[in-house]
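Below, chains carry the letters A, B, ... as their sequence lines are ordered, and counting in each starts from 1.
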Protein chains: 2
Amino acid sequence: MSLPHAILTALLEKPSSGLELTRRFDRSIGYFWSATHQQIYRELGKLEKNAFIRALPTDSPTRGRRKEYEVLPAGRAELERWVGENEQPRALRDTLMLRLRATGVVGVDADFLAELRRHRALHGARLAEYREFQRRDTARGRGTERDRVQALVLQGGVDMELFWVNWLDQAIAELADTPEDAPGPEDDRDRA
Amino acid sequence: MSLPHAILTALLEKPSSGLELTRRFDRSIGYFWSATHQQIYRELGKLEKNAFIRALPTDSPTRGRRKEYEVLPAGRAELERWVGENEQPRALRDTLMLRLRATGVVGVDADFLAELRRHRALHGARLAEYREFQRRDTARGRGTERDRVQALVLQGGVDMELFWVNWLDQAIAELADTPEDAPGPEDDRDRA
DNA sequence: GAAAACATGTAAAAAGTTACATGATTTT
DNA sequence: AAAATCATGTAACTTTTTACATGTTTTC
């Protein structure tokens, strides 16, 4: 149950409307948590019902009209409670690694290599984007605790993309000179 | 929809019962995909209904009795189809990073530093475990395509844990000498 | 023969995804 | 005034998580 807390954090950083939040989830918050606008609107509704946030007063009709939210004291308290929790790192879920493993039994082909290269390009582009954010932030050169924490999270994003780029380069190099289907003696043990 | 394909891969590597699969998901397959036994049993039922796998014949009563499955040709074909697909890297979902970001607005305290150290220890332990797997595999020194692919995936697991260990060390070092709550001039912009 | 471990399974709730619907504002 | 864009929202579905239920085999 992290989405409500991600929203509380974002709203504490800056009161926003649902669509603004959606955009911010595509950027900074989104390095490590994503959400669609449908999720966000649903969650904003729940948070408002629980009196963790409130809509800033506006003209009556709501549909199609911008609606800005701010965090109430109870919401801030809930966020503090959540930050203090102990949680386990959640299990990874990565399809590309799974598909690579599947090629071990059905064979690697040129299409799969192309897929690896496509992912390499995507991660490379994201890495460049994050580094551009870093460049801008450094130029601004601020030193509040919030800035330092945001910089750490961004550094995490950069390092994560570096992991992908480096690993994919290695995987591509290794698989590129595979003779397509050298069967070799098949056997059935799994890694102990 | 990757779980059925993860199961097909695992069963092609070695026909297994549900509980055996669960255990293998805690190890090799689990570097990048996890599943509980409930998920696995449900999915085995669906795969059997779709004639992608079949239970090896045994004595009649099924409840409490070991039931081993193997992949049928249709299942292998489905796995090949899936490996050939193009997919986007799925969005990350990491709670620790989210909580770190939240400390930017509610403040970093000693408890949160302890939580970071706890995660550091967990990732360090997993890293050691994966490296032990690598050591064993290298000792066995095999060279089939399947071995090479499994080694690549395992290397991915190692690199991923290295990312965490390094980033956490950096984060802990940086936050440890924060004077607990130097407020600084608050403002409300988000990263552009 | 009781306890522990092994093994399969069911049910309900929570979270996330996909597709669609609708109103308001701005641009041409 | 039509089209594009901004903005909020609903509905249906799938996936994942959590808690529980039950039977079988092995060990003491």
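Applying the ring-ring contact (aromatic ring centres under 6.0 Å, His included) test to A/His119 and every residue at least two apart in sequence or in another chain returns nothing.
Within the 4.0 Å cut-off from OP1 or OP2 of C/dT8, at least one side-chain nitrogen or oxygen of B/Tyr41 is found. Using a 4.0 Å cut-off, no side-chain N or O of B/Arg66 falls inside it from OP1 or OP2 of C/dG9. For A/Gln39, a side-chain nitrogen or oxygen approaches OP1 or OP2 of C/dT17 to under 4.0 Å.
Distance CG (A/Leu21) to C1' (D/dC6): 15 Å, rounded to an integer number of Å. If you measure from atom NZ of A/Lys67 to atom C1' of C/dA24, you get 15 Å, rounded to the nearest angstrom. Between B/Leu47 atom CG and C/dG9 atom P there is a gap of 13 Å when expressed in whole angstrom units. The CZ atom of B/Phe25 sits 14 Å away from the C1' atom of D/dT16 (whole-angstrom rounding). For the pair A/Glu43 CD and C/dA14 C1', the computed distance is 11 Å after rounding to whole Å. Atoms CG (B/Leu92) and C1' (C/dG16) sit 15 Å apart, rounded to a whole Å. Rounded to an integer number of Å, the gap from B/Glu68 CD to D/dT24 P is 20 Å. Note: CD (B/Gln38) to P (D/dT16) measures 13 Å, nearest angstrom.
Comparing B/Arg90 and B/Leu19 against DNA chain C, the residue whose closest nucleotide sits nearer the 5' end is B/Leu19. Along DNA chain C, the nucleotide nearest A/Leu3 and the nucleotide nearest A/His37 are compared for position; the residue whose nucleotide lies closer to the 5' end is A/Leu3.
Contacts of B/Arg23 with the nucleic acid, taken as non-hydrogen atoms under 4.0 Å apart, involve only primed sugar atoms and P, OP1 or OP2.
A donor and an acceptor atom sit less than 3.5 Å apart, one in the side chain of B/Arg42 and one in the base of D/dT17.
Note on ring orientation: taking the six-membered ring where Trp is involved, the planes of A/Phe133 and A/Tyr31 are tilted (angle from 30° to 60°).
A salt bridge does not link B/Glu20 to B/Arg24: none of the charged side-chain nitrogens sits closer than 4.0 Å to a carboxylate oxygen. With respect to B/Arg120 and B/Asp169, a salt bridge is recorded, a charged nitrogen being found less than 4.0 Å from a carboxylate O.
Legend: ring-ring contact (aromatic ring centres under 6.0 Å, His included) pairs involving residues 88-116 of chain B, not counting sequence neighbours: none detected.
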